[in-house]
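Letters go in sequence order (proteins before strands), and every chain restarts at 1.
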Amino acid sequence: MSRRPPRGEYIETDTGNKVARKATLVGTQNIMLGGKTVIQPDVMIRGDLTRTVHAAAPQPASQSATGAPPNNTAVSIGRYCFLSRGCCLRPPGRLYKGVFTYMPLRMGDHVFVGPGSVVQAASIGSHVHIGAQAVVGEFAIIKDYVRILDGAVVPPNMVIPSFSIVAGQPARLIGEVPEGGLEAFELRDLYKTVGNNPQPVPP
Amino acid sequence: MSSKRHSILPPVSQTGPKPPVNFSSTITIADSALLTGTHTITVHGESVIHPRARLDSLAGRVTVGRRCVVQERATLGAAAAVPAAAAAAPPAEAAAAVTLGDYVTVEVGAVVEAGGTVIGEGTVVGVGARVGAGAVVGKHCTLTAHTEIAAGEVVPDFTVVYSNGMRRTDKRGVAELKNKGLARQIDVLRRMIPSNPAKFA
Amino acid sequence: MSAPAGSAPLPHRSVANIRSPPGAGHHPSGPSTPLRPIPSNFGSPSSLRADEEIIIVEFGTRKLQVGFSGDPAPRGCVWFGPDQQRRVGDFREWQTDYRYDWRRAARHGDSWGRDHELWQYDVRGVDLGLVGDKIERALSEAFTKYLLIDSRPRRMVWVLPSSLPIPLLSAALDSVFSRFQPPTVSLLSSPIALAVGAGVRSALVVDLGWSETIVTSVYEYREVAAKRSIRGGRMLVEQTHKLLAKHLPEDQGGSESKQEYVLSFEECSDITTRMVWCRPRQHSDDDQPASGSLPTVQEHDDAEQPGDSPTPGRTSTVTIPLKSWLSPTSLELPFNALSEPCEDAFFDSHYSHTSFDDHELPLPLLVYRSLLQLPVDVRALCMSRIIFTGGCSNVLGLRGRIFDEVSELVRERGWDPVQGKGVEQLRANPKLKRRGVRQTGESPMGVSSPPGDGEEQDGVWHDAANTAPEADPIEEQLQRGMDRRPRVQGELRAIESLGAWSGASLVTHLKAPAVAAIDREVWLQHGAAGAVRASDVDYKAQRQSLGAGGLMRGSAAGSAWTLGVWGAV
Amino acid sequence: MAALTPYTYIRCPCSDVSAPGRPLDGSSPMAAAADDNGAGDDDDRTFDPRAPRSNYSLYPLEYLLYCEDCHQIRCPRCVAEEIVSYYCPNCLFEVPSSNLKSEGNRCTRSCFQCPVCLGPLAVTSLETKPDPSLLAAPDNAAAPHAGPYALTCSYCHWTSAEVGIQFEKPNGIHAQLAKLRNGGATRLTAKERKERRKDPAYRTQAAAAPAPATAGGEEGGPSSSAEVLDLETQFANLKAFYQGQLADPNSADSGLAALSDLGFSSPTSLSRIMSIYTGGGWQDKKAKSRVGAMREALEPDEGLQPARLDESAAIDRLRSEGHGATASAAQLRDQPPNLGEAHLHGRARFASELRPIPYLLRTKRSKRCPVCRHIISKPEAKVQTTRFRIRLVAGSYIPSIAVRPLPLSSSSSSGSGGSASGPAVVPGALLEPLRPAHYLLTFKNPIFEPVRVTLGAPARTPGRFASKVTVLCPEFEIDANTDVWDEALKESGERDRDKDRRRRRGEEGGGQSSSNNPHHSQLEVGKIWERGRNWVSIVVEVVPASLRLAPGDPPLREDEDVLEIPMFVRVEWEGEAGGDDVGAAAGRDAAKEAREKRELAYWCVLGLGRIKQT
């Protein structure tokens with residue numbers, strides 16, 4: 001993670017978010033960032049896939065200039081999240097009362113999403129580590145302090161309780177996060193190592 | 001996100017030639033979709049091409065059936081990862097690179113290699129799955145995420161490929177229901193995804 | 001591979017003294033008087049103890065079954081394998097690109113699949129410490145994952161094969177006592193537990209185990225004889241591998257048979273459990289066509305012929321996907337070929353019976369001989385209480401095949417250890433005829449065969465027959481007890497047992513005291529050396545200590561304690 | 001081979017005490033290995049990380065706890081656990097411990113795992129046949145909540161309808177499933193059976209219930225009159241039978257028969273059962289005479305179950321349906337014990353006989369020190385909270401060790417970042433055999449007193465391939481950790497910390513020339529490479545062994561190509577005499593209190609990287 005990008009690769013917002021210019025954010029008005037969140041290049045977030053079921057009237061298409069209502073949030077991300085290169089966040093969709101609708105994807109704080117992973121969960125807690133090339137199926141619910149190993153495929157609708165370590169296709173519980181393992185989920189240091197003037201990793 | 005823009009869509013270098021296209025009037029195609037190649041790309045009625053989906057007709061024609069959904073970063077007609085030796089017959093390759101039946105869903109980041117590859121009606125190609133050149137996937141199959149179908153392999157109808165290549169038969173008999181669901185999904189997507197077929201014409 | 005403990009026959013095992021040797025001390029008016037008040041004493045603690053769970057552990061070579069006493073089945077089952085032996089926090093097996101490199105693990109032929117075993121009965125060169133570690137980890141996994149209990153000390157009951165070598169047993173006890181601090185561990189031998197689990201007091205337990213097949217004769221809840229053969233699950237899997245390797249295209253001649261393994265153990269054992277079957281007894285190759293006339297055999301025979309005869313079946317083939325080969329492939333082979341491993345591993349019918357060593361007898365012969373070895377009345381009981389158990393008893397058709405082969409052997413040889421001329425003479429013997437008819441079981445006999453009968457035909461067992469006291473009180477009692485319900489005997493019959501674990505669960509639930517109960521303190525002081533021979537224990541003292549110490553605690557510290565059938569060092 | 005990032009494992013001292021058993025002779029390779037590892041038991045001999053037993057005693061730092069009263073490391077192996085709460089990992093409902101005894105160790109709501117792929121199962125209505133991947137809840141456009149229902153896997157699309165299991169109600173699936181056999185036939189649950197036991201109608205009812213069509217072993221149909229008992233019933237019958245026998249009606253104390261439900265046994269039966277175990281015979285005639293009363297089970301009602309040896313039906317099925325229709329060994333292992341079926345002989349082999357797997361419950365556990373019984377870790381009881389009441393992790397007491405390859409080709413990148421970022425060498429790059437390589441070990445001191453670290457490593461690594469190891473600076477001090485508030489203000493305080501770091505370097509410049517300008521790649525023995533606020537970096541030089549095998553050698557074992565250094569770490573510091581919470585902020589004013597020397601010593605294993613195979 002401690003690669004040094006050329007200056008100006010990131011847009012740094014006043015809330016401390018670092019969004020790579022090369023990231024693809026569709027429907028930004030429906031994407032909420034908590035701050036201090038890093039979005040690396042080639043990340044894709046589908047903010048345009050909003051829920052349609054609560055409103056009878058057809059939603060304004062994402063590129064229409066009308067500011068979207070607040071309840072239209074498609075993807076909300078907490079603080080100190082880290083979206084690695086090439087990962088993709090996508091709201092889950094399903095038929096509800098006979099109508100197809102997308103549901104918001106909510107993400108807590110200190111969530112690491114590994115490179116190339118695709119996340120379609122309904123909710124992800126805080127202090128969650130999703131490895132590289134992992135797939136989190138639609139409407140999965142992931143609690144706090146969960147580690148999803150590289151390449152795991154979390155099946156749709158799966159619930160992963162706190163302190164779980166899951167892996168495999170489909171993902172299953174293979175271990176529990178030990179008491180001493182909680183600090184490892186902290187992403188403050190990692191946050192500092194990227195951006196336009198990255199800090200070195202503290203030893 | 002201070003910017004007034006409603007999307008950050010960094011331009012992607014349009015590599016390769018602009019392919020001749022044959023779009024139905026009812027399709028939805030995001031203008032950030034990527035179409036390259038020399039052969040014709042045909043998309044039939046009510047199909048949806050998500051942003052950043054990639055259709056590559058260098059190796060041959062790419063045909064997308066009715067009411068298909070090609071999600072972001074999915075690639076149709078990618079050059080075969082491993083040159084399909086015996087599997088795909090070269091002439092067929094030139095003819096058709098990829099053919100999707102109706103009601104096919106190609107999910108995020110899935111790759112369908114060129115070379116006479118066929119995906120049957122109602123089949124779902126899961127996230128990050130890879131269908132090798134010349135493979136023929138039957139109707140109403142489910143390729144779960146990260147599934148790899150070897151080049152030239154034939155997958156019978158109603159097969160579920162899961163857990164790294166384990167196979168079983170889908171006995172739920174929900175084919176038509178899935179199609180119905182897909183239709184509903186497409187209704188919604190058409191309203192959400194700004195379509196810009198003109199860009200590719 | 002008979003183990004040290006097993007090879008030296010323990011006093012109670014030798015056939016000579018199945019019945020109590022007259023000298024075994026007829027204590028005048030034994031415990032009955034001291035026992036009278038005991039119920040009241042017992043009443044309260046036992047009811048208190050009712051909700052305190054006792055953990056029952058059944059040890060197998062490849063798996064550990066763990067649960068609570070009183071349950072019909074174990075709650076958890078932990079298998080041993082390479083993944084179970086990794087460091088904590090090593091999740092490599094779950095990495096997408098990781099494949100367990102079994103070729104490396106199988107350094108030389110005989111270690112193929114060894115990392116799936118808890119121990120080898122041949123304890124030479126076995127790292128006992130490692131065995132302890134494996135058991136400890138398996139147990140704690142079972143506790144956390146399946147039993148959901150914390151590490152407060154709990155009493156344990158272990159179900160063990162009675163042939164378990166003492167070094168292994170003590171290694172296991174060392175590790176468990178030091179890590180789990182159970183106040184006591186009681187030992188129970190699996191054949192007896194099986195008998196209990198089947199509702200019988202005598203039985204012929206045919207344990208088609210992993211490392212070996214053991215035939216144990218249980219008489220009145222006592223093991224009176226055991227015979228083994230190395231023909232077990234391991235051999236079966238190796239035969240399966242041989243079969244698959246033979247059918248695989250790229251074929252390095254015979255080289256891959258023992259040295260080089262072309263397929264992973266995991267895959268072969270999987271295929272074995274899934275596809276390998278056992279074909280019924282061939283009637284063509286034995287000259288007596290009359291075999292069908294055995295009523296006992298009858299129902300199985302003509303039931304099985306349809307299973308085998310249809311010609312479409314003969315030609316049918318199966319395709320088996322192979323992942324662990326050089327390149328993943330799927331192998332097509334005739335369905336009938338899948339019965340070969342079974343033939344080679346368990347029967348070897350193309351060799352003559354005389355050509356086998358004692359440790360590699362084909363199973364039917366093994367069963368027959370162990371029956372033959374028994375005194376006639378014991379045999380009469382055991383032969384009609386055959387219990388098949390062990391992993392290989394799940395091989396389709398195997399039990400039926402063995403059963404038929406045995407009844408065939410019985411039919412053509414009777415109970416005559418001697419063959420040849422003797423046979424004719426005996427054939428001429430009217431008594432035998434009667435017997436012959438009977439043991440084909442046309443009708444379950446109410447009475448056991450008269451002792452004279454036994455003497456006459458199996459000469460070998462003269463002494464055994466003679467040691468039988470003319471009036472065996474047990475027999476009398478039993479006869480009296482069930483004059484209206486005759487016991488089935490003299491007829492070959494197989495019965496189901498709930499399994500050793502469930503049997504132990506029953507025994508424990510009934511709060512039976514174990515003589516082979518080891519106290520933690522005592523063990524940590526003396527270790528196995530502290531044990532005395534089972535026969536030397538004064539049961540009266542035991543029972544007193546029971547009164548004091550509670551039901552399962554067979555040995556309060558200080559009183560003599562024993563490792564039961566596992567003998568002493 | 002997966003790229004290997006350097007790692008550190010710590011060996012809990014508790015492994016030293018328990019050293020059961022020794023190989024009986026050294027003939028076999030295993031025994032040889034055991035000899036090496038036996039050495040681990042006493043510290044003056046080198047601990048071999050590769051010995052098979054080592055895998056059971058090595059832990060990553062985060063798995064270790066620490067007892068403040070014993071001042072000792074505690075590992076998962078040596079702590080005493082106590083369960084705080086039970087819960088279902090799927091519905092996250094807390095289960096009272098009382099239910100455990102009765103309901104067992106699995107979720108009794110509607111939480112099931114797929115028997116085929118272990119994915120979660122969802123209840124779906126069969127009427128509207130919804131596709132769970134599209135609708136988690138039944139589509140009520142068509143008949144809302146119309147039964148029957150089935151469990152469906154959203155991953156592999158297995159459905160319980162495949163094995164003929166359907167439910168009337170969408171909830172309480174567990175209870176409904178208990179009454180269902182595969183194929184749909186109903187069965188009596190244990191409770192119902194108990195009620196029916198005396199009821200004459202019971203037998204007919206049981207007989208009426210057909211053997212499951214899928215039961216290969218039984219398709220032959222009941223050959224004899226005996227009914228097929230399922231495990232549960234046979235067990236119950238046997239138990240009832242034995243207890244009946246033990247009650248021993250014709251003995252004097254027949255009054256006790258009433259107690260037989262408790263499994264209570266009269267003296268007679270005691271002696272009876274005891275003889276189960278005694279190798280010897282009967283001592284007293286009296287007991288014997290009573291014993292007679294106990295007979296064998298003779299009928300299915302008493303638990304006797306004649307075996308059905310005819311498995312030809314199953315064989316035929318195997319023949320016709322082939323490999324695809326069978327359940328894999330793994331799937332069978334994941335199956336919970338199925339009490340609802342007859343004995344599994346020659347059965348439970350077909351995929352059609354798999355049953356949904358109720359989720360195993362999980363637990364929250366608190367941990368105690370095995371010696372002083374103090375609690376060293378205690379989570380909040382509530383399932384949803386992730387807080388801990390007490391959490392004494394080793395990481396906040398013993399120095400952490402970070403391993404990084406040191407790029408001696410002093411490229412600018414490694415220089416500017418100081419010790420911090422030296423990505424010049426690719427992580428996980430293979431080590432060149434016989435070519436010296438350098439690694440930076442960074443020790444970080446978590447406690448609020450300065451600690452003195454002494455390292456001991458064998459000159460050559462144990463095992464088949466001995467690499468040379470030189471710890472350039474085996475003895476050094478690490479300054480105390482600073483206040484907690486610094487942690488809190490870390491983000492903002494980043495710059496200060498850098499300054500702080502630089503300042504220190506300046507101070508020590510005179511003393512430690514090498515750390516003065518770390519970019520110069522001359523390594524001086526006995527010199528610290530670099531020093532920070534509460535950390536110190538030293539250099540280890542290794543000369544990887546060549547992995548060339550002599551002909552006839554057994555091939556490399558898994559991970560035998562990894563260069564692992566066993567290192568004995570001794571940490572000394574002065575804590576306040578009370579020594580209750582060394583780690584807490586209170587530790588700061590410990591300086592004023594009485595001091596006492598503390599020492600901690602343990603083996604650890606540094607995995608540096610894989611050696612290139614030539």
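- Atom CZ of residue C:F68 and atom CG of residue D:L100 lie 7.5 Å apart, to the nearest 0.5 angstrom.
- Looking only at side-chain heavy atoms (C-beta outward), D:L332 and C:T273 stay at 4.5 Å or farther from each other.
- Using a 4.0 Å cut-off between charged nitrogen and carboxylate oxygen, D:R77 and C:E136 count as a salt-bridge pair.
- Closest approach of D:A327 and C:R274 over heavy atoms only: O-CG, 3.4 Å.
- Residues C:W277 and D:E311 are not in side-chain contact: their nearest non-hydrogen atoms beyond the backbone lie 4.5 Å or more apart.
- Both the backbone and the side chain of D:C78 have a heavy atom closer than 4.5 Å to some heavy atom of chain C.
- Options D:T326, D:L58, D:T363, D:L360 differ in how many heavy-atom pairs under 4.5 Å they form with chain C, and the most are formed by D:T326.
- Within the 4.5 Å cutoff, the side chain of D:L318 has heavy atoms near those of the C:L396 side chain.
- By the 4.5 Å heavy-atom criterion applied to side chains, D:Q243 and C:L510 are counted as neighbours.
- No donor-acceptor pair closer than 3.5 Å links the side chain of C:D270 to the backbone N or O of D:S328.
- Within the 4.5 Å cutoff, the side chain of D:C14 has heavy atoms near those of the C:R179 side chain.
- When all heavy atoms are compared, the tightest approach of D:Q234 to C:G197 is NE2-O, 4.1 Å.
- With hydrogens and angles ignored, the 3.5 Å screen pairs no side-chain donor or acceptor of C:D133 with any backbone N or O of D:Y56.
- Taking both residues in full, the closest heavy atoms of D:P337 and C:P74 are given as CG-O, 3.4 Å, listed atom of the first, atom of the second, then distance.
- The distance from the CZ atom of C:F403 to the CG atom of D:D310 is 12.5 Å, given to the nearest 0.5 Å.
- Chain D forms more heavy-atom pairs under 4.5 Å with one residue of C:C77, C:S140, C:P321, C:S170 than with any other, namely C:P321.
- Of the inter-residue distances, the one linking D:R53 atom CZ with C:Q85 atom CD reads 13.0 Å to the nearest 0.5 angstrom.
- The side-chain tip of C:R87 does not point at the ring of D:Y59 from less than 6.0 angstrom away and within 45° of straight on.
- Each of C:D71, C:I271, C:I387, C:L147 has some count of heavy-atom pairs under 4.5 Å with chain D, and the biggest count is that of C:D71.
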Subject >> Stepwise side-chain contact (heavy atoms from CB on, under 4.5 Å) check, D:R106 with C:L148 >> reply: CA-CA 10 Å; D:R106 294 172 182 268; C:L148 302 175; over 6 Å; no
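- Once rounded to the nearest 0.5 Å, the distance linking CZ of C:R279 with CD1 of D:I315 reads 10.5 Å.
- At a 4.5 Å heavy-atom cutoff, the contact between C:A198 and chain D is made by backbone atoms alone.
- The shortest heavy-atom contact between C:S505 and D:F235 is OG-CZ, 3.6 Å.
- Between D:L304 and C:V200 the shortest side-chain heavy-atom distance falls below 4.5 Å.
- By number of non-hydrogen pairs under 4.5 angstrom with chain C, the leading residue of D:R333, D:R365, D:E81, D:K239 is D:R333.
- With sequence neighbours excluded, the residues that form a side-chain contact (heavy atoms from CB on, under 4.5 Å) with D:R368 are D:A80, D:E82, D:R373, D:I375.
- Two residues are said to be in side-chain contact when any heavy atoms from C-beta on lie closer than 4.5 Å; D:L361 and C:K145 fail this criterion.
- Across C:I386, C:V131, C:I495, C:T144, the residue that shares the most heavy-atom pairs under 4.5 angstrom with chain D is C:I495.
- For chain D, the option among C:K63, C:R152, C:K134 with the highest count of heavy-atom pairs below 4.5 Å is C:K134.
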Original post:
Going through the checks in order, is the side-chain contact (heavy atoms from CB on, under 4.5 Å) test met by D:R319 and C:N336?
Top reply: CA-CA 9 Å; D:R319 184 194 299 272; C:N336 288 3; 3.1 Å; yes
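- Using a 4.5 Å cut-off between heavy atoms, C:R75 touches chain D through backbone and side chain atoms alike.
- By the 4.5 Å heavy-atom criterion applied to side chains, C:D90 and D:Y9 are counted as neighbours.
- Between the OG atom of D:S97 and the CD1 atom of C:I149 there is a distance of 13.5 Å, given to the nearest 0.5 Å.
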